[in-house]
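Encoded as structure tokens, the structure appears first; notes follow it.
Lettering of chains follows the sequences in order, A, B, ..., and the numbering in each one begins at 1.
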Amino acid sequence: MAKTRKQPRPKAETPKGFRDYFGAEVTQRAEMLNVIAAVYHRYGFDALESSAVETVEALGKFLPDVDRPNEGVFAWQEEDAAWLALRYDLTAPLARVYAQHRNDLPIPYRRYAMGPVWRNEKPGPGRFRQFYQCDADTVGSASMAADAEICAMLSDTLEAVGIARGDYVIRINNRKVLNGVMEVAGVLDPSDPEKFAHERGIVLRAIDKLDRLGPEGVRALLGKGREDESGDFTKGAGLGEDQVEVVLSFVLGKERIAEQLASIAEPAGKLNADWEAKYRSISETIEVGDRKSLSVDNQEFTNRLTCTYLRSIVDNSVVGAEGVAELEQIADLLAAQGYGPDRIVIDPSVVRGLGYYTGPVYEAELTFEIFDDKGRKRQFGSVAGGGRYDDLVKRFTGQAVPATGVSIGVDRLLAALREKGRITAQEIGPVVVTVMDRDRMADYQAMVAELRNAGVRAEVYLGNPKNFGNQLKYADRRNSPVAIIEGGDEKARGVVQIKDLILGAQIAQNATLEEWKERPSQFEVARGDLVAKVREILVAHDLGQA
RNA sequence: GCCGCCUUAGCUCAGUUGGUUAGAGCGCCUGAUUGUGGAUCAGGAGGUCCCUGGUUCGAGCCCAGGAGGUGGUACCA
């Protein structure tokens with residue numbers, strides 16, 4: 001016989017950056033998507049499910065001067081030479097859908113969308129190449145009310161999925177204010193927008209890193225550059241000291257205001273008298289840094305204060321002043337609905353993705369502390385973000401269409417809730433009906449059918465029934481709450497044994513072998529009472545409805 | 001992309017100046033118990049020491065290159 005060449009076995013592995021999701025991970029995500037969608041829907045947004053594949057052209061991801069798409073997208077070339085790609089977010093597809101169907105869609109068009117997106121990037125801890133997003137956007141409204149509404153909705157959504165008020169904060173900034181600051185700092189010339197574009201990029205990225213690098217790190221990046229611990233040098237924006245100071249006074253606005261509140265003896269020279277009078281009155285009644293202790297009136301005041309402060313910086317810039325006015329509008333609209341700075345706060349250090357945003361930008365951050373396996377403190381970054389992008393649809397239609405929206409990173413949010421202990425990845429298994437007599441399988445199937453009809457998750461043990469112990473081990477591994485036993489004995493007497501596995505585990509914690517062998521967690525009931533007893537146990541463990 | 005660290009059993013990790021047959025804990029399997037999971041006890045299986053080459057009488061250990069992982073940094077529509 002000819003030797004058949006052994007084919008090398010394929011290695012069973014998930015490609016790097018991807019992962020498999022099991023049991024509770026899948027159901028919990030689906031549940032979370034439902035909760036989020038329900039809030040979006042309640043706010044008047046319509047569902048939209050668009051194609052997962054887009055033309056690279058529609059995504060706008062062709063590299064400049066090259067006929068190849070941007071790395072970072074999963075793309076491939078069709079035989080007719082067209083490039084297709086997996087979507088990398090849900091916003092670009094929305095712009096395409098809106099442009100394509102605009103004659104049939106209401107204006108404004110409000111839609112929500114959810115699903116996986118793909119990015120061909122270096123994966124990191126908690127960063128995958130496929131992940132779920134859940135977006136809501138309003139296309140065709142330039143009103144700040146649209147932006148304020150998105151922020152309010154984001155707040156509601158986070159609380160709906162189980163993030164307690166005070167465990168998160170939504171921070172708002174405005175790209176126009178940022179541009180105003182750039183103008184004042186001399187890195188943006190309104191008459192020549194292209195000039196200093198490179199420097200502005202560095203400045204924006206530097207601001208984005210305030211969290212990680214601190215004020216001094218940002219200062220270095222704004223100036224000559226910064227060397228990190230590994231000796232790697234990052235070139236800075238090369239700003240002069242005065243310029244750096246302007247940007248920093250902006251970015252650190254939140255802290256500066258707090259400082260000023262703390263020391264009434266050192267009022268800020270730049271701020272006007274009106275402001276001083278107000279802050280004098282509130283600084284006597286609040287603990288600085290403890291936002292929760294502010295009364296509602298004063299909370300509202302915090303955002304006003306920030307606006308006043310920002311205006312003092314960008315006073316000489318037209319777009320800057322416009323941006324501040326927009327922020328004020330949003331803050332007022334939110335305050336009128338009762339969303340104060342304990343939930344939504346104006347924070348000049350928010351920059352966000354830099355790309356297509358043209359006005360207000362928002363970011364939701366979780367504020368509770370979590371610890372990793374090694375006990376180190378870790379911070380959860382942002383779990384949601386968004387903003388106004390008034391130019392995205394224009395790429396298709398040539399007409400400016402204002403739009404604003406938000407995107408929630410569902411997987412990160414889930415991970416956060418798990419780490420917080422709000423939900424456990426452990427899934428409760430089904431009730432397991434054990435098989436004592438192989439030829440009475442029909443009896444066992446009948447039991448399981450009764451349980452299922454009563455709405456109880458249940459299954460018959462389908463493995464090799466020879467070793468009875470293994471059946472209970474199986475139930476244990478499945479994290480089953482209850483096991484059912486009906487041997488010849490019980491059958492003859494018309495009863496069944498019902499084993500409360502959760503109670504059993506609890507008893508075993510500190511029971512002797514003898515006590516355990518007594519089987520205090522096992523109950524004998526009449527065959528007819530099977531379903532009732534099982535439900536009773538489930539209810540006792542808070543696992544089912546009565 | 002750049003810099004550092006790491007790679008030994010399913011998992012977490014020991015492993016002496018380079019020396020015979022490479023270890024532990026946990027997990028897994030079997031039995032004590034063919035009708036009782038998680039406890040206890042006894043036993044057992046499980047290894048390309050990341051790969052390739054080099055030095056050496058001899059390499060898990062030393063050297064070179066490569067791969068993979070990880071941390072930092074950069075980029076991220």
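Relative to the ring axis of F523(A), K499(A) does not place its NZ or CZ within 45° and under 6.0 Å from the centre. Geometric assessment of R352(A) against the ring of Y362(A) yields a negative cation-pi assignment under the 6.0 Å and 45° thresholds. In this structure, R29(A) satisfies the cation-pi test against Y21(A), with its NZ or CZ atom closer than 6.0 Å to the six-membered ring centre and inside 45 degrees of the ring normal.
Between R119(A) and the phosphate of rA77(B), there is no side-chain N or O to OP1/OP2 separation shorter than 4.0 Å. Proximity of R212(A) to the phosphate of rA74(B): a side-chain N or O atom is located under 4.0 Å from OP1 or OP2. Dashed line: the shortest gap from a side-chain N or O of K235(A) to OP1 or OP2 of rA74(B) is not under 4.0 Å.
As rounded to whole Å, 14 Å separates atom P of rC29(B) from atom CG of N464(A). Rounded to a whole Å, the OH atom of Y357(A) is 14 Å from the P atom of rC76(B). Separating the CG atom of L392(A) from the P atom of rA77(B) is a distance of 12 Å, rounded to the nearest angstrom. What separates NZ of K16(A) from P of rA67(B) is a distance of 11 Å, to the nearest Å. Atom OH of Y356(A) and atom C1' of rC76(B) are 12 Å apart (whole Å). Between the CG atom of L221(A) and the P atom of rU73(B) there is a distance of 11 Å, rounded to whole Å. L213(A) places its CG atom 7 Å from the P atom of rU73(B), with the value rounded to the nearest Å. The distance between atom CZ of R87(A) and atom C1' of rC76(B), rounded to the nearest whole Å, is 19 Å.
As rounded to the nearest Å, rC5(B) and rU55(B) have P atoms that lie 27 Å from one another. As rounded to the nearest Å, rG72(B) and rC11(B) have C1' atoms that lie 27 Å from one another. Taking atom P in both rU17(B) and rC62(B), one finds a spacing of 11 Å when rounded to whole Å. Nucleotides rC63(B) and rU56(B) have their C1' atoms positioned 12 Å apart, rounded to a whole Å. rG19(B) sits 11 Å from rC61(B) when the P atoms are compared, rounded to a whole Å. Nucleotides rG66(B) and rG4(B) have their P atoms positioned 13 Å apart, rounded to a whole Å. Straight-line distance between the P atoms of rG46(B) and rU30(B): roughly 15 Å, to the nearest whole Å.
Using modelled atom types and a 3.5 Å distance limit, the side chains of N470(A) and Y461(A) yield no donor-acceptor pair. The closest side-chain donor-acceptor pair between E486(A) and Q497(A), if any, does not fall under 3.5 angstrom. In the model, R418(A) has a side-chain atom that pairs as donor or acceptor with a side-chain atom of Q28(A) under 3.5 Å.
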Query raised in the report: Under a 3.5 Å cutoff on both atom distances, Watson-Crick or G-U, what's the dot-bracket for RNA chain B ([ ] crossing, | other strand)?
Result: (((((((..((((.....[...)))).(((((.......))))).....(((((..]....))))))))))))....
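Heavy atoms of R127(A) sit under 4.0 angstrom from at least one base atom.
Among D147(A), T138(A), T358(A), the single residue meeting the side chain to side chain donor-acceptor pair (under 3.5 Å) criterion with R388(A) is D147(A).
V410(A) places a side-chain heavy atom less than 4.5 Å from the side chain of I36(A).
Note: F45(A) and Y112(A) fail the aromatic proximity criterion, with ring centroids not under 6.0 Å apart.
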Requested in this report: Sugar-phosphate atoms are those with a prime plus P, OP1 and OP2; base atoms are the rest. Using that split, label each nucleotide of nucleotides 32-37 of chain B B, S or - for protein heavy atoms under 4.0 Å, 5' to 3'.
Outcome: --SBBB
